[in-house]
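In what follows, a structure is listed as structure tokens, so that the remarks can point back to it.
Here is how names work: the chains are called A, B, and so on, in the same order as the sequence lines, proteins then strands, and each is numbered from 1. Computed from a prediction, not measured in an experiment: that's the story for all the values here.
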Amino acid sequence: MAEERSLNFIEEIIEKDIADGVNAGRIQTRFPPEPNGYLHIGHAKSICLNFGLAKKYNGKCNLRFDDTNPTTEETEYVESIKKDIEWLGFKWDNELYASDYFEKIYDFAVSLIKKGCAYVDDSTAEEIAATKGSTIQPGKNSPFRDRSIEENLRLFEEMRDGKYEDGAKVLRAKIDMAHANLLLRDPVIYRIKHAHHHRTGDKWCLYPLYDFAHGQSDSIEEITHSICTLEFIHHRPLYNWFIEQLGIFPSKQYEFARLNLTYTVMSKRKLLKLVNEGYVSSWDDPRMPTLSGMRRRGYPPEAIRNLCDTVGVAKRENMIDLSLLEFCVREHLNKVTDRVMAVLDPVKLVITNYEETGDVFEIENNPETPNGTRSVPFSKELWIEREDFMEDAPKKFFRLTPGNMVRLKGAYIVKCEGCNKDEHGNVTEVLCTYLPESKSGNDTSGLTVKGTIHWISVAHARTAEVRNYDRLFKVEDPSSEEGDFKEYINPEALQILPSVYIEPSLMKAKPGECYQFMRKGYYCVDTDSTSDKIIFNRTVTLKDTWAKETRKN
RNA sequence: AGUCCGAUGGUGUAACGGUAGCACCACAGUUUUUGGUACUGUUUGUCUAGGUUCGAAUCCUGGUCGGACUACCA
């Protein structure tokens with residue numbers, strides 16, 4: 001019954017390659033993060049693509065850490081990246097590191113020198129930048145460009161042996177200082193860094209740059225389809241040039257447009273600022289677009305995978321509506337979460353004609369995916385939402401207003417008789433009478449009411465902290481606005497309710513578990529919860545057409 | 001300014017020379033013991049000017065607009 005789905009452009013390339021017998025139909029991809037930060041929703045698209053393609057075409061997908069810059073990379077990031085990928089639901093075939101190939105990559109450089117295709121340059125970084133030229137001006141040859149092969153070989157070995165300070169010399173590929181593509185103007189491929197590497201320790205003081213590590217690693221692993229984002233498109237000619245000069249496995253690079261989301265930022269630099277300057281509490285703050293933040297927020301991995309699947313793969317710049325992510329989240333949570341009652345902004349409801357009989361109602365947990373029932377104690381005094389009562393209500397208000405009837409979810413129909421107020425005119429108690437014959441399950445009243453509201457028995461209520469999260473920014477694209485992006489942070493992205501009433505059944509809730517608070521939203525138990533204090537994070541609200549209606553007026 | 005990439009409703013994505021479709025959003029309705037869910041329907045689109053063709057979103061040319069590139073980061 002699978003719907004016929006059109007292929008994205010990478011799938012088309014792969015299917016053509018398989019049909020043409022390229023690499024005997026073998027498909028090998030890789031996900032190549034640099035372990036210098038946390039993964040975000042943008043990485044999820046790349047992960048779903050690379051692992052998804054391998055799965056679809058009976059291929060393999062490696063996890064390869066592009067760890068060629070020892071000053072920014074740490075083992076802590078390696079661990080978080082692995083955890084996030086596993087959480088998303090993918091398994092890599094091999095866990096590999098570019099640093100495992102340092103010896104091989106060094107040998108590649110030597111062979112390039114021997115071919116006369118690389119030279120040691122003593123110029124400073126400033127000098128190299130100054131002679132690079134510009135988009136409209138050719139660059140100038142370095143005075144060290146014509147050193148002999150023997151001298152280059154000797155100097156490069158000395159660089160490896162630690163004879164020189166950081167920055168004293170670099171190795172450059174000898175290509176064309178007038179090339180229209182700036183990356184082909186004798187790119188630096190090795191630099192000296194006397195720095196401790198998270199895996200190779202102090203063994204090396206010479207490290208390859210991205211362009212002389214990434215493609216080489218792809219070749220070593222015999223990656224057939226090396227998929228990256230659009231900004232690497234200019235690197236492809238260089239990627240291919242090295243493969244050709246070195247005569248190594250011809251991996252092919254393909255580029256797709258990265259994922260952008262409205263109401264957030266994705267750049268590592270900006271996310272780092274949010275953390276360092278205290279706008280959010282940490283990398284896994286539920287407001288963050290990081291995978292760890294989304295996990296803590298309660299976004300299920302199924303929803304993220306579904307989002308990535310839905311947005312597709314193409315080469316044009318895009319900006320995905322946050323509402324699409326929220327749709328995916330609700331779609332999944334609706335199927336799997338148990339419904340429970342929690343009163344976030346309470347006011348007391350008194351059922352004046354109710355004699356305490358010890359009613360306990362069995363209420364179904366999930367009308368979508370039947371999952372049993374739970375016991376919910378009832379009594380004469382209940383907490384209800386303050387917004388569910390209005391003394392002077394508009395026409396289409398289906399909740400409590402004098403003379404109107406509503407059903408208390410899973411219990412009785414009650415009729416609103418009025419309210420009590422304090423000296424300031426604030427409602428302190430809503431007064432109702434109930435209809436004994438309207439008992440849920442064997443209702444003989446013959447009445448139908450338009451509204452159903454949730455409630456918590458005052459005598460049985462427990463409390464929890466609730467953290468209501470909302471979008472991190474007030475504008476769709478903070479990065480394109482005037483001034484500092486931080487000016488557009490939404491100050492209401494986190495609202496903490498220290499003590500909300502929850503039904504007793506929730507006392508057993510464990511960190512990470514998700515529930516639907518009826519009529520309010522999806523909530524998950526935060527990892528900050530302790531045995532005597534449960535904390536719920538709002539993952540996403542329910543759609544609220546009534547709120548929309550009131551906003552219109 | 002140069003090189004490269006791109007342009008289909010508000011958003012994202014299909015249509016591979018032959019009926020512009022799907023999803024989200026928005027709006028309206030039906031069902032509902034969640035103003036949720038489910039279901040039905042509605043509005044809205046091929047950047048522009050030429051050309052090729054019986055026929056162009058698709059092919060060609062020019063323009064316009066958007067993005068990327070001038071790190072010893074990846």
Which nucleotide in the set [options] lies at the smallest distance from any side-chain heavy atom of [X]?
X: A/Arg316; options: B/U34, B/U70, B/A7; value: B/A7
X: A/Ile233; options: B/U37, B/C4, B/A14; value: B/C4
X: A/Asn334; options: B/C27, B/C69, B/G36; value: B/G36
X: A/Glu231; options: B/A26, B/G36, B/A68; value: B/A68
X: A/Thr310; options: B/G35, B/A23, B/G2; value: B/A23
X: A/Ala180; options: B/A15, B/U3, B/C25; value: B/U3
X: A/Glu368; options: B/U70, B/C5, B/U37; value: B/U37
X: A/Lys315; options: B/G12, B/G36, B/G6; value: B/G6
X: A/Trp546; options: B/C72, B/G35, B/C24; value: B/G35
X: A/Met319; options: B/A14, B/G12, B/A26; value: B/G12

**Asked** How are the rings of A/Tyr106 and A/Phe156 set relative to one another: parallel (under 30°), tilted (30 to 60°) or perpendicular (over 60°)?
**Response** parallel
**Request:** Just say parallel, tilted or perpendicular for the rings of A/Tyr523 and A/Phe517, cut-offs at 30° and 60°.
**Result:** parallel
Hey, does [X] reach any base, or is it just sugar-phosphate, or nothing, if we go heavy atoms under 4.0 Å?
X: A/Phe517; answer: nothing
X: A/Tyr207; answer: nothing
X: A/Leu230; answer: nothing
X: A/Ala314; answer: sugar-phosphate
X: A/Thr262; answer: nothing
X: A/Asn69; answer: sugar-phosphate
X: A/Tyr210; answer: base
X: A/Val188; answer: sugar-phosphate
X: A/Pro367; answer: base
X: A/Ser123; answer: base
X: A/Ser440; answer: base
X: A/Gly441; answer: base
X: A/Val313; answer: sugar-phosphate
X: A/Arg185; answer: nothing

Please determine whether any donor N or O and acceptor N or O are separated by less than 3.5 Å between the side chain of [X] and the base of [N].
X: A/His235; N: B/A74; value: yes
X: A/Arg399; N: B/G35; value: yes
X: A/Gln137; N: B/U70; value: no

OP1, OP2 of [N] versus side-chain N and O of [X]: anything below 4.0 Å?
X: A/Lys193; N: B/C73; value: yes
X: A/Arg191; N: B/A74; value: yes
X: A/Arg519; N: B/G35; value: yes
X: A/Lys548; N: B/A26; value: yes
X: A/Thr72; N: B/A74; value: no
X: A/Thr452; N: B/U32; value: no

Step through it carefully: locate the ring centre of [X], locate the ring centre of [Y], and say whether they are under 6.0 Å apart.
X: A/Tyr210; Y: A/Phe232; answer: yes
X: A/Tyr77; Y: A/Tyr38; answer: yes
X: A/Tyr263; Y: A/Phe473; answer: no

Counting Watson-Crick and G-U wobble pairs only, both distances under 3.5 Å, name the nucleotide matched with [N], or none.
N: B/C69; value: B/G2
N: B/U34; value: none
N: B/G9; value: none
N: B/A20; value: none
N: B/U61; value: B/A49

**Message:** Pick the closest RNA chain B nucleotide for A/Asn366 and for A/Arg330 by heavy atoms, then say which residue is nearer the 5' end.
**Reply:** A/Arg330
**Fill in**
Whichever of A/Ser134 and A/Leu324 has the more 5' nearest nucleotide on RNA chain B, that residue is A/Leu324
Can you tell me the distance, in whole Å, between the [atom1] atom of [X] and the [atom2] atom of [N]?
X: A/His234; N: B/C4; atom1: NE2; atom2: P; value: 10 Å
X: A/Lys335; N: B/G36; atom1: NZ; atom2: P; value: 19 Å
X: A/Arg339; N: B/U34; atom1: CZ; atom2: P; value: 11 Å

**Item:** side chain to side chain donor-acceptor pair (under 3.5 Å) partner of A/Asn36, the single match among A/Lys268, A/Glu74, A/Glu73
**Value:** A/Lys268
**Request:** State whether A/Phe485 and A/Lys270 meet the cation-pi test: NZ (Lys) or CZ (Arg) under 6.0 Å from the six-membered ring centroid, and within 45° of the perpendicular axis.
**Result:** yes
**Request:** Flag this pair as yes if the NZ/CZ of A/Lys193 is under 6.0 angstrom from the six-membered ring centre of A/Tyr207 and inside a 45 degree cone about the axis; otherwise no.
**Result:** no
**Asked** Below 4.0 angstrom, N of the basic side chain to O of the carboxylate: do A/Arg64 and A/Asp100 qualify?
**Response** no
